[in-house]
Structure formats: C-alpha cells, structure tokens
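Because only heavy atoms are used, hydrogens play no part in the values below, and waters and symmetry mates are left out as well, while side chains stay in. As the structure is a computational prediction, the values presented were derived from the model and not from experiment. Throughout, a chain's letter reflects where its sequence line sits, starting with A, and its residues are numbered from 1.
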Protein chains: 2
Amino acid sequence: MSEDDLVAVSQLRSSAMRLARRLRHQRVEESLSPTEMGVLGTLARCGKATPGELARKEHVQPPSMTRIIAMLEEKGLVRREPHPEDRRQVVVSSTEQAEQILNESRRRRNAWLAELAEGLDEDEWERLRAAAPVLYKLAHL
Amino acid sequence: MSEDDLVAVSQLRSSAMRLARRLRHQRVEESLSPTEMGVLGTLARCGKATPGELARKEHVQPPSMTRIIAMLEEKGLVRREPHPEDRRQVVVSSTEQAEQILNESRRRRNAWLAELAEGLDEDEWERLRAAAPVLYKLAHL
DNA sequence: CTACGTCATTACCAAAGCTAAAGAAAATTG
DNA sequence: CAATTTTCTTTAGCTTTGGTAATGACGTAG
C-alpha cells in the first residue's frame, strides 16, 4: 500500500467521523437517533429482519437493538411479528409512516449537505459524485 | 441539483455515519473517545488553541470540551497554559506522547480500513483516492 | 466606574450503548 | 427420547459522553 493510499485512508476516516457528528445535528425527527434512523433505512432496503440480524447489520449489540426496536414500535414506525418457523425469533418490518420520515429526513439532510457542498468547485463535486457509490459499498461491506 | 447529485449526497450521508460507527470500534487507545482523538488531531494540525476554539472546531459545546481537555491533561496528552493577553482564556497544546498515540491510531485504523477496502477493485479504489481530499475539505468546511 | 458581554468552568441531567444474566425455544448428543 | 448445549431475545444495571443551566473571573463599551 502506497503512501498516497495511507493518506487517503486517513482523510477518509477523519472525514467520515466529522461529517457523522455534524449530520447528527440535522435530524428532522428530533426524537429519532442516528442508529434508529439506520434501522429504518436497513428495513426499507431489506424489507424484514430479525433483531439479531439488525444488530449485526447496524454493528450494535443485541440488547441495544431490542431497545431501539421497542422505541420504534412505540412510535408506530415498526411492526413486530412472531417468526413463522422459529418461535424464539421475531420478525421486524417498517410501516408506511417510517417511509415518510425517511423521505423527509433524506430531503432535509440532502439540503444541508448540498449547501455545505457549495463550497466545492465543479471538479471536486464531480470526484465526490464518482466516489459516492464506492463509499456506500465500503461502508456496507 | 440533479437527481444524480441527490443520490450521491444521500449515499455520502449514509456512508459517513456508518463508517464512523464502525471506526469507533477500532480505537487503539481504548481509553480515548473519538472526540478526544479529534481534539488531538486538531491540535496536531493547528498547534495551539483555546477551549472555545476547540469546541467550535469539534462541534461540541464548551462544557464538554472543558471535560475532554481535563481528561486529556490528566493523561499527559495535553498542556494547559494561561493565555498571554487574556486572563479568562487558556491555551491548550498537545504533548509528544499525544503525537505517538496519533501515529499508532492512524496506523491501526489505516490497517482496518485497508483490509475493508480489499473488497473493492482497482477502479473503485482509484475513485476513493481521488475523492478523499475533497471529503476532507467538505468535512472541515 | 458601571453595566454588559465573553470565556472557562462547575453541577446536574439525558441519551444511547454495553455487559451480565435470565428465559424460552431449538438443536445436538448420548 | 431425555438431557445438555446453543441460539435468540429480552431485562437489569452500569458507563460513557454529550448537553443545558448557572457561576465566577475577566475584558470592554458607554
């Protein structure tokens, strides 16, 4: 791995952590934490999942996921049904209302990030656009 | 702003938050939180700074920064001196030991991220390398 | 020189995740 | 097929980390 690669990786790390902290302040639904939003996003992508699966996908411990799901259910954003074959497990799925919140959140944060990105020139923005899918893949690897 | 731009921004947001959460688990110095690391990084870049400046740069409230600095001072990673002109203020600077920890942390997280990046092909990695400085600029804007 | 603003700090509080352990159900083994 | 072990979720209690409100010291403007 070259020196340039190391620099890139370091910048990537620093940027991700800093952006995450700043994005945290831009939530549309004040009562929903970033991880709760992440769960809704995962459910929107995957349809259904068990608490254990969600915990693994969100890199959180199972007890934390249990509480997050309880919160979300209480707010009507998520449904819990018994697993058809395994009575230990539970199947979680998101509701229509969750989809609306996701859309609104996306809109709002896009606006914030877009405004921030006005400090970039066209070439820089182009590089970001080219790398965005790669970043996404990396983060979900 | 085009549809592609919106997608890019959305991917950026999701990726940053997810990567940040995963990086959080890769700390070399277990006793140092991500924000504490961020402060050391900022001090390494800027030399000296007052608590207020650091709070603004790290997007944290002043009382939180006071506590972070107290922690870091207790561990010998940071020095506090009176401000030469303004006796209300304090000037914080990092120690040699902090520099060592930063290097070790950089090495360790680079290794983790590099390993993760092995799931990317050469073209993807190239795009990331091109975008890394832009991301860094964006995050610090 | 008095009143107001600013900086750091202190004291208290809330959010969010973790570990340990319990309880139920499935899988495995003798 | 009974007993043990494993797996999945949940409960309970703790820790970390950041926030808000209030305080005290210092600078600054009227």
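Within the 3.5 Å criterion, the main-chain N or O of B:D121 finds a donor-acceptor partner in the side chain of B:E124.
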Trace of the side chain to side chain contact (heavy atoms under 4.5 Å, CB included) decision for B:L135 with A:L135: CA-CA 11 Å; B:L135 262 175; A:L135 262 175; 3.6 Å; yes
Candidate pair A:T50 and A:D86, rule side chain to side chain contact (heavy atoms under 4.5 Å, CB included), full reasoning: CA-CA 11 Å; A:T50 68; A:D86 187 337; over 6 Å; no
Using side chain to side chain contact (heavy atoms under 4.5 Å, CB included), reason through A:E36 and A:L77 one step at a time and then give a plain yes or no. CA-CA 10 Å; A:E36 287 169 336; A:L77 303 177; over 6 Å; no
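Residue A:E85 is classed as a sugar-phosphate contact, given heavy-atom separations below 4.0 Å to backbone atoms only.
Here the NZ atom belonging to B:K137 is positioned 11.0 Å from the CG atom belonging to A:L128, to the nearest 0.5 angstrom. We find the OG1-CG distance between A:T35 and A:L40 to be 11.0 Å, quoted to the nearest 0.5 Å. B:T42 OG1 to B:E53 CD: the interatomic distance, rounded to the nearest 0.5 Å, is 11.0 Å. Once rounded to the nearest 0.5 Å, the distance linking CD1 of B:I101 with OG1 of B:T95 reads 8.0 Å.
Between B:E58 atom CD and D:dG19 atom C1' the separation is 17 Å, expressed in whole Å. Whole-Å rounding puts the B:L32 CG to D:dT17 C1' distance at 13 Å. Per the geometry, CD belonging to B:Q89 stands 5 Å off P belonging to C:dA8, to the nearest Å. Computed from coordinates, the B:D86 CG to D:dT28 C1' distance equals 11 Å when rounded to whole Å.
Listed in residue order, the members of residues 59-68 of chain B having a heavy atom less than 4.0 Å from DNA chain C are B:P62, B:P63, B:T66. For the segment residues 39-54 of chain A, the set of residues with a heavy atom within less than 4.0 Å of an atom of DNA chain C is empty.
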Distances under 3.5 Å between protein N/O atoms and the N/O atoms of nucleotides 2-4 of chain D, please, pair by pair.
none

Using a cutoff of under 3.5 Å, can you pull out all pairs of nitrogen or oxygen atoms linking the protein to nucleotides 5-7 of chain D, with atom names and distances?
residue : atom : partner : partner atom : Å
D:dT7   : O4'  : A:R88   : NH1          : 3.4
D:dT7   : O2   : A:R88   : NH1          : 2.7

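Ion pairing between B:R129 and B:E126 holds under the 4.0 Å rule for side-chain N and carboxylate O.
Cluster annotation: A:L32 and A:V92 are assigned to the same hydrophobic cluster (Ile/Leu/Val/Met/Phe/Trp/Tyr, side-chain heavy-atom contacts under 4.5 Å, transitive).
Among residues at least two apart or in separate chains, salt bridge (charged side-chain N to carboxylate O under 4.0 Å, His left out) pairs with a member in residues 37-52 of chain B are B:K48-B:E81.
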Indicate every side-chain donor-acceptor pair of residues 61-72 of chain B with a distance under 3.5 Å to a residue at least two apart or in another chain.
residue : atom : partner : partner atom : Å
B:T66   : OG1  : B:P62   : O            : 3.3

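An OP1 or OP2 oxygen of D:dG27 is reached within less than 4.0 angstrom by a side-chain nitrogen or oxygen of B:R87.
B:E122 CD: more than 12 foreign heavy atoms inside a 6.0 Å radius.
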